[in-house]
Each structure stands twice: as structure tokens, then as C-alpha cells.
Colleague: 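I have a structure I would like to understand better, so I am pasting it below and will then ask my questions one at a time.
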Number of protein chains: 2
Amino acid sequence: MDDQGPTRLRRDAERNRQRVLTAARRLFSETGLAVSHDEVARAAGVGVGTVYRRFPRKEDLLLALFEDQVEQVVQLAETAGARADPWRGLTTFLEAMLQMQAEDRGLHEYLLGPQAASLAVRATERISPVVGDLLSRAKELGQVRADVEVADVALVPVLVGAVLDRARGVAPDQWRRVLALVMDGFRPGADGSLPGQPLDPGQLEQVFTHWKGRPA
Amino acid sequence: MDDQGPTRLRRDAERNRQRVLTAARRLFSETGLAVSHDEVARAAGVGVGTVYRRFPRKEDLLLALFEDQVEQVVQLAETAGARADPWRGLTTFLEAMLQMQAEDRGLHEYLLGPQAASLAVRATERISPVVGDLLSRAKELGQVRADVEVADVALVPVLVGAVLDRARGVAPDQWRRVLALVMDGFRPGADGSLPGQPLDPGQLEQVFTHWKGRPA
DNA sequence: ACGGAAGCGGAGCGGGCTCTCCGCTTGGTG
DNA sequence: CACCAAGCGGAGAGCCCGCTCCGCTTCCGT
């Protein structure tokens, strides 16, 4: 992991860079992404200018912080994909991913927000086939109803995430119950079939990235 | 419905009040609650001062706008509660309520946000027993699994609402598919039982009102 | 018709956020 | 050690927001 690209940073600069990253990681994880550069600077004990110099756009900072977490999610998926039992593969993947989001509020907002953009798109491209495979194997075994698609699974974190987020200070585990409930909806045996169509990949991407959230 | 309480408004004042309400209704419904008083004033063709004079806190404006919509939701529940088939009662209630939210972004944010506070609490007190009754009748008929409670039903709009919101410009009906999927999770026949406990009423209230949303 | 109460508009204040700019400091090199 | 590019800090510009305040206008009772 030697840095080299555009000539190395001076030693003090690198030290400050790390301070900023450390402080930002803590702040984001605890309070979410709505943290100003000023706050990060203060927490890191450096000037605002320094933060802006290293990470001109907030996205640069987020990228540096979350790149490996996203990689970790992808690997979660790949591990799950290798499981013999596809149903367990699906559920454990979703559970593990949501667990990560439960522990890190920033990661949660990042994954579900628009800033993930390119990073998320690339991750999705690697996760989708794995989940798709799990899903079709699960259908063959009669573990999952026939009328759900990958796009439906992709919405599960959105559903459960909403509860995860709101219940965070109150019942930090409630999302597990909700996840179980939702996953039971994927089981075969429903009398009707699902109305409408699953989202196509383009729509799915928009649902994740076009989104400009603002609450109240 | 005669106004009288604190002496009537002058005629021009009343006219302005209506203009503000009309403009605010449109803005909120289209773009959500994150509209400044300035914007409302401009859209209504009045000065900011006028908006503040009539509706000092944003909550006052919201209350005036959404009071009867909330009442409508309560009546939806009561109608549904009178249905012979409790399962259909439950699903049609949720569907109708979410339909209202799909049509009015402001209502959606209001119901799921913290500003509803007192209004929502009162509404919940009227809706809960009705849903509780539907639920127990449905359980007796074997239409619903035994391990779900009213609090679990109460989370359904949160789940589905997350999709409703994000998919709004892209696939405005996707929430119906998601709702159907989630509701199938309430059906009996799951092999395991749900982990954890349903939220108690106090927790539920916090989940709805303590919530300070901020996205990215 | 006219006087005073009620209402009006919008300039302006305080505060937060993003981001820039520049005089001073520091690290590394010859 | 001496020099200067690299880096630093933070004041402050520009923007939007919520909210207030007060000189002018409009309504309405007498």
C-alpha cells in the first residue's frame, strides 16, 4: 500500500491527514454524515483549510473513509454466495450487512444516500450476480417464492434500514425482528402473487442515487 | 364551524390566511415539508411577516393543513375495523393510508416525522385499538401468524414509506409491491418465530417522534 | 368621514454552513 | 545552516435560513 502517485505528502501533512480521517470516522459513525467540515476540523485539531485542502469535496472524505467498508460488504456477499444453503446465504448476508450499518450510522447513510454513487454502483455490480445466484438456487429448492427478483432483495436494506435508523436509540435490535418478518414474506406459500413489477436495474440505481433526502 | 374564539380576523387578514394555506398545501404536497416560510410567503403573494403572524411556528401551519387529513386516516381505520374479513380490513387500511401518503409528500413526511407529535399521538390512540382488534380477529381465523403484535403493524408504514419516498419519481407504484411482500410476512406458516420483542407503546412513540431525520 | 386598531411588507439581524485566500510556519534538501 | 516549496490556520465572504420590528396601509365602527 505505498502511496506514491502525486509525490508523497510531507510528514506533518500526512499526520494531519490521518488525524482528520480518525476524527471524521468517529463523528460520522456516531452522528451520521451531517457533520460540517468545521466540526471535523475542530475534532481533529486542525484548521478548516487543512480539511478542505485534503478533501475538497465531502465525497472525497467519504470515499477515503468508506472504501474498505464497502469492500467488506462485497466480501460478505461473496462468502454468503459460497454457502451450500442459499436461503441461509441470503439471510446471513443481509443480516451481516445490516449489522454493519447498525454499528456505523455514517456507513448506513452513505450506503443508502446519493453520495455513494460510483462506489456503490461498482459494488452493486459485484453483489448482484451473487445474490441473483443465491436467489435462483433458493427458488429451485423451494425456499423462496418464484415471483421475487434480485431487485426485490435489493430493497430489503431500504425497508429494514428505515427501522434501524429510527429505532437506533430506543431499541437497537428491533431491525432484526423486522428483517425476519420481511424475509418471511420471501418464503413460498403466499396465496396471491406480487403486484407490479420488480424494479429494473436502471430504476434501482435511481432509487439509490437520485434520492435527495430531507426530512421535515 | 364558526370561528369566534379570539375575535374574528379582519376580512383582508382572513383572505391572506387562506392564500397562505393554499400555497403551503401545494408546496408541501409537491416538495415535502422542507419549505421555508419565505418560500411560502412568496408563493402566497404575501410578506414573510404575514406568514409568521398567523403561523408563528411551522408546527402551527402544519397543524392547520394536516388536521383533517389525519382525521381521514383515523376514519380509514375505523371503516376497515368494521369489515367482516379482518385480513382484508388490515391490508386495505394500510393500502389506503399509504395511498394518501403517495399522493401527498408533505403528509407522508408529517406522519413519519416528529412534528406530528401531539396530533399523531391522539390519532394513534384511536387507531391502535381498531388495528389491535383486527389483528386478534385475524389471528383467530388463522389469517395472521400468532407472534406479531400491533406494534409490528405500526412499523409497516415506516418500512413501506421508505420505498415510497425513494421511488417516488421513478416507480410511483412500487410501494404496492413492497407492501404486498411485507404483508405476506405476516401470514402464518413461517417455520421460525420472530426474534426479539415487539416495541412497547412508549418505544413506538419514541420511534415516531424522537426521530430527527437528516440525510446525508 | 375619519380615527384608531388591526394588519401588512420586507429590510435586516444573528447564526450556521461552505469554501477561499493569504500571511505565517515548518520540513526536508543541498 | 539556510532556503523555499509545501503546508497551515482561521478570518471572512457569500449564501440561506428563521425570525423580528416598525413605518405605512387598510378596514370598520361610530
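Just so we're clear, the structure is a prediction, and the values are computed from it rather than from any experiment. Note that these values count all heavy atoms, side chains included, but never hydrogens, waters or copies made by symmetry. Each chain gets a letter, A, B and so on, in the order its sequence line appears, and its residues count up from 1.
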Colleague: Taking any atom under 4.0 angstrom from a heavy atom of chain B, which nucleotides of DNA chain C are the first and last to qualify, 5' to 3'?
Modeller: C:dA5 to C:dG10
Colleague: Just say parallel, tilted or perpendicular for the rings of B:Tyr110 and B:Phe66, cut-offs at 30° and 60°.
Modeller: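 Parallel, since the angle between the ring planes stays under 30°.
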Colleague: B:Arg42 CZ to D:dC16 C1': how many Å, rounded?
Modeller: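 That distance rounds to 11 Å.
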Colleague: Report which part of the nucleic acid B:Arg57 touches: base, sugar-phosphate, or nothing (heavy-atom distance under 4.0 Å, all strands).
Modeller: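 Nothing, no nucleic acid heavy atom in range.
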Colleague: Do B:Phe28 and B:Leu62 have side-chain heavy atoms sitting under 4.5 Å apart?
Modeller: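 Heavy-atom side-chain distance check passes, below 4.5 Å.
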Colleague: Decide whether B:Glu95 and B:Gln99 meet the rule of one side-chain donor and one side-chain acceptor closer than 3.5 Å.
Modeller: no
Colleague: For the side chain of A:Asp68 and the backbone of A:Glu71, is there at least one donor-acceptor N/O pair under 3.5 Å apart?
Modeller: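 The answer is no, because no donor-acceptor pair under 3.5 Å joins these two groups.
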Colleague: Please figure out whether B:Asp38 or B:Asn16 has its closest DNA chain C nucleotide nearer the 5' end.
Modeller: B:Asn16
Colleague: Please report, rounded to the nearest Å, how far the C1' atom of D:dG10 is from the CZ atom of A:Arg53.
Modeller: 11 Å
Colleague: In whole angstrom, give the distance that lies between atom NZ of B:Lys58 and atom C1' of D:dC17.
Modeller: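 Taking NZ of B:Lys58 and C1' of D:dC17, I get 10 Å after rounding.
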Colleague: How many whole angstroms separate atom CD of A:Glu39 from atom P of D:dG10?
Modeller: 17 Å
Colleague: Between A:Ser36 and A:Gly49, which has a closest nucleotide on DNA chain C that is more 5'?
Modeller: A:Ser36
Colleague: Given D:dC28, D:dA11, D:dT20, identify the nucleotide with an atom nearest to the side chain of B:Arg11.
Modeller: D:dC28
Colleague: State which residue, out of A:Gln18, A:Arg11, A:Arg10, fulfils the side-chain hydrogen bond (donor to acceptor under 3.5 Å, both in side chains) condition with A:Glu14.
Modeller: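 The residue from A:Gln18, A:Arg11, A:Arg10 that satisfies side-chain hydrogen bond (donor to acceptor under 3.5 Å, both in side chains) with A:Glu14 turns out to be A:Gln18.
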Colleague: Could you tell me how far apart B:Leu61 (CG) and D:dG18 (P) are, to the nearest whole angstrom?
Modeller: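 About 12 Å, once rounded to whole Å.
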Colleague: From CD of B:Glu14 over to P of D:dC28, roughly how many Å is that when rounded to an integer?
Modeller: 12 Å
Colleague: Need to verify one output field. Residue with the more 5' nearest nucleotide on DNA chain D, B:Val48 or A:Arg10?
Modeller: A:Arg10
Colleague: Which atom pair, heavy atoms only, marks the closest approach of B:Arg168 to B:His108?
Modeller: NH2-ND1, 3.8 Å
Colleague: I'd like to know whether CZ of B:Arg15 has more than 12 heavy-atom contacts from other residues, nucleotides or ligands below 6.0 angstrom.
Modeller: yes
Colleague: Could you tell me whether A:Arg54 contacts a base, only the sugar-phosphate backbone, or nothing, with contacts defined as non-hydrogen atoms closer than 4.0 Å?
Modeller: sugar-phosphate
